[in-house]
Amino acid sequence: MPVFRVGTFNLENLDDKPDLDPPLAERLGILRPQLLRLKADLLCLQEVNAQRGASGQPRTLAALDRLLAGTPYVDFHRAVGSSNE
């Protein structure tokens with residue numbers, strides 16, 4: 001029987017702001033190996049912040065893009081939800 005792995009991870013406000021403490025680069029060095037260890041076929045990530053684009057432009061997921069770069073998850077389909085502001 002084939003194995004299908006589902007992984008879930010709360011990233012606790014993953015963002016790409018310049019004033020973060022600890023900085024995003026430091027967090028990525030810790031988070032990326034953890035995600036790779038999951039070897040998930042379906043990956044559910046919580047608390048990923050989106051950055052506002054220019055007026056009328058959609059939000060971007062810059063921190064998520066940096067986290068997933070160079071991993072098997074980079075080409076996974078994304079479904080994004082948002083909170084009501």
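Start at 1 with the first residue, then count along the sequence. The structure presented is a predicted model; accordingly, all values stated were derived computationally and were not measured.
How far CD of Gln51 is from CG of Leu64: 9.5 Å, rounded to the nearest 0.5 Å. Interatomic distance, Ile30 CD1 to Leu35 CG, rounded to the nearest 0.5 Å: 12.0 Å. Once rounded to the nearest 0.5 Å, the distance linking CG of Leu14 with CG of Leu61 reads 9.0 Å.
Identified under the salt bridge (Lys or Arg N to Asp or Glu O under 4.0 Å) test for residues 31-44, with sequence neighbours left out: none. Pairs of residues two or more places apart, or lying in two chains, that qualify as salt bridge (Lys or Arg N to Asp or Glu O under 4.0 Å) and include a residue from residues 60-74 are Asp16-Arg66, Asp65-Arg78.
Ala40 approaches Gly7 most closely through the heavy-atom pair CB-N, 3.7 Å. Among all heavy-atom pairs drawn from Pro22 and Arg27, the shortest one is CG-CG, 3.9 Å.
Judged purely by atom type and a 3.5 angstrom limit, Glu47 uses its side chain to pair as donor or acceptor with the backbone of Asn13.
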Query raised in the report: Step by step, would you call Leu31 with Leu67 a side-chain contact (heavy atoms from CB on, under 4.5 Å)?
Result: CA-CA 8 Å; Leu31 292 171; Leu67 174 62; 3.8 Å; yes

Query raised in the report: side-chain contact (heavy atoms from CB on, under 4.5 Å) between Phe9 and Gln34: does it pass, once the steps are laid out?
Result: CA-CA 9 Å; Phe9 211 92; Gln34 299 301 319; 3.9 Å; yes

Query raised in the report: Given Leu43 and Thr8, is the side-chain contact (heavy atoms from CB on, under 4.5 Å) satisfied, shown in steps?
Result: CA-CA 6 Å; Leu43 182 61; Thr8 182; over 6 Å; no

Report task. Could you give me the CA-CA distance, side-chain angles and deciding distance for Val80 and Val48, then say whether side-chain contact (heavy atoms from CB on, under 4.5 Å) is met? Result -> CA-CA 9 Å; Val80 179; Val48 176; over 6 Å; no

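Counting heavy atoms from C-beta on, the side chains of Asn10 and Leu45 never come closer than 4.5 Å. The side-chain heavy atoms of Leu36 and Pro72, taken from C-beta on, include a pair separated by under 4.5 Å.
No continuous path of hydrophobic side-chain contacts links Leu11 to Leu42 [ILVMFWY only; heavy atoms under 4.5 Å].
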